[in-house]
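A, B, ... follow the sequence lines: proteins, then strands. Residue 1 opens every chain. Not measured: the values here are computed from a predicted model.
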Amino acid sequence: MEPRTRATPLTRQLESLYRRLLDAYGPQGWWPTPSRAGARGFTERGYHPGEYGGPRAPRERFEIIVGAILTQNTAWTNVEKALTRLREAGIFRPADVLAVPTSRLAGLIRASGYFNQKARKLKGVAALFSADRALAPRAAPTRDELLAQWGVGPETADSILLYAFRVPVFVVDAYTRRLIERVGLDVPTDHYDEIQQAFHGSLSPRHELYNEFHALIVAHAKVHCRAKPVCEGCPVSRCRYRDSHRGNGPRDSARA
DNA sequence: CCCCAGGGAATTC
DNA sequence: GAATTCCATGGG
């Protein structure tokens, strides 16, 4: 299933990319949970860069799971508003989500958009993680268990595995594809699993590395590699894309 | 006014 | 499989 990790040209490209991003933006310490405010190690970003200790506390873990649902195609600032509403309503655990009527749940998460769909999704994951599963510490669910949930696709499943349970799976999102295209990495960008395999086959399977790499890609996408690119001061040297993007590397047609 | 945001499901061909 | 459409708020 897992290809051997070996040094390929792609390995060097990805490691170089990672180092450039880390140098430019610093450790991100994901997952960013608003409830971290006030906790030891709290930073102005609201989370703990550099902490990759033991298993997550159950409530923090569930907050990550909820956030992974709410952030689907949605700006994180709006997710924070919804998470804060949930916390103020005393909703911390799967059982709390199950106890609230779907209509009220939808109202609480209104700011995160798609609230009717997402309320249903939260009910589903709450059921998955409730009952015997709530007994911490619990081993991570399988990827297939997560994917079987309505509203949980590949990215959400992998985000939960990586950030809630520290399983070394690389999370692929729209930013990842955009960066691959603009930097000109020799990685196909059409299928989720293909992209993920490329990373898994080229990087050592360390959850700390996958955690930081994905978080750094998001940070980079918000500052420089936006939909409308801001190339001034871009830390990725081969980032020679133009407004029209596509292509851009030294050689564009080199994919065979 | 427009576009964008850490997707996923359902439909259609 | 590939291409659309829907879901919906909030910020720039």
Report which part of the nucleic acid Arg120(A) touches: base, sugar-phosphate, or nothing (heavy-atom distance under 4.0 Å, all strands). nothing
Options dA5(B), dG8(B), dG10(C), nucleotide nearest the side-chain atoms of Asn78(A): dG10(C)
Across the strands shown, which category fits Val152(A) at heavy-atom distances under 4.0 angstrom: base, sugar-phosphate, nothing? sugar-phosphate
Atom-to-atom span, CH2 of Trp76(A) to C1' of dC4(B) - whole angstrom: 18 Å
Full working for side-chain hydrogen bond (donor to acceptor under 3.5 Å, both in side chains) between Ser159(A) and Thr156(A): CA-CA 5 Å; Ser159(A) 290; Thr156(A) 304; over 6 Å; no
Distance, rounded to the nearest Å, where Gln72(A) contributes CD and dT9(C) contributes P: 17 Å
Report the nucleotide, chosen from dA5(B), dG10(C), dC7(C), that has the shortest atom-to-atom distance to any side-chain atom of Gln117(A). dC7(C)
Taking the minimum atom-to-atom distance to the side chain of Lys121(A), which one of dG7(B), dA10(B), dA5(B) wins? dG7(B)
Picking from dG10(C), dA9(B), dG7(B), the nucleotide nearest the side-chain atoms of Trp150(A) would be dA9(B)
Determine the Euclidean distance between corresponding P atoms of dA8(C) and dT11(B); express it in Å to zero decimal places. 16 Å
Take atom NZ of Lys118(A) and atom C1' of dG7(B), then tell me their distance rounded to the nearest Å. 8 Å
With DNA chain C as reference, determine whether Thr74(A) or His191(A) sits nearer its 5' end, using the nearest nucleotide of each. His191(A)
Which of the following nucleotides, dG8(B), dT9(C), dA5(B), is nearest to the side chain of Ala111(A)? dT9(C)
Within this structure, what is the CD-to-C1' distance between Glu80(A) and dG10(C), rounded to whole angstrom? 13 Å
Straight-line distance of Leu179(A) CG to Leu17(A) CG, nearest 0.5 Å: 5.5 Å
Output the single nucleotide from dG7(B), dG11(C), dC4(B) whose closest atom is nearest the side chain of Lys81(A). dG11(C)
Donor-acceptor contact present, side-chain Thr8(A) to main-chain Leu10(A), <3.5 Å: yes
From CZ of Arg85(A) over to P of dT9(C), roughly how many Å is that when rounded to an integer? 14 Å
Report the distance from atom CD1 of Ile217(A) to atom P of dA5(B), rounded to the nearest whole Å. 15 Å
Would you say a side-chain N or O of Thr71(A) is under 4.0 Å from OP1 or OP2 of dG7(B)? no
According to a strict under-4.0 Å criterion, is Arg177(A) in side-chain N/O contact with OP1 or OP2 of dG7(B)? no
Looking only at side-chain atoms of Pro154(A), point me to the closest of dG8(B), dG10(C), dA2(C). dG8(B)
Of all the choices, dA8(C), dC4(B), dG8(B), which nucleotide is nearest to the side chain of Phe115(A) once you look at every atom? dA8(C)
So does Arg110(A) get a side-chain nitrogen or oxygen closer than 4.0 Å to the phosphate oxygens (OP1/OP2) of dG10(C)? yes
When you measure from the side chain of Lys121(A) to the backbone N and O of Ile69(A), does any donor-acceptor pair fall under 3.5 Å? no
Between Gln149(A) (CD) and dA9(B) (C1'), how many Å, whole number? 14 Å
Between C1' of dG10(C) and CG of Asn73(A), the distance in whole Å: 13 Å
Just to verify, which of Tyr18(A), Tyr192(A), Phe199(A), Tyr163(A) counts as forming a ring-ring contact (aromatic ring centres under 6.0 Å, His included) with Phe170(A)? Phe199(A)
Among dT9(C), dG11(C), dG7(B), the one nearest Tyr114(A) by side-chain distance: dG7(B)
Please verify the inter-ring angle class for Tyr210(A) with His200(A); under 30° counts as parallel, over 60° as perpendicular, anything in between as tilted. parallel
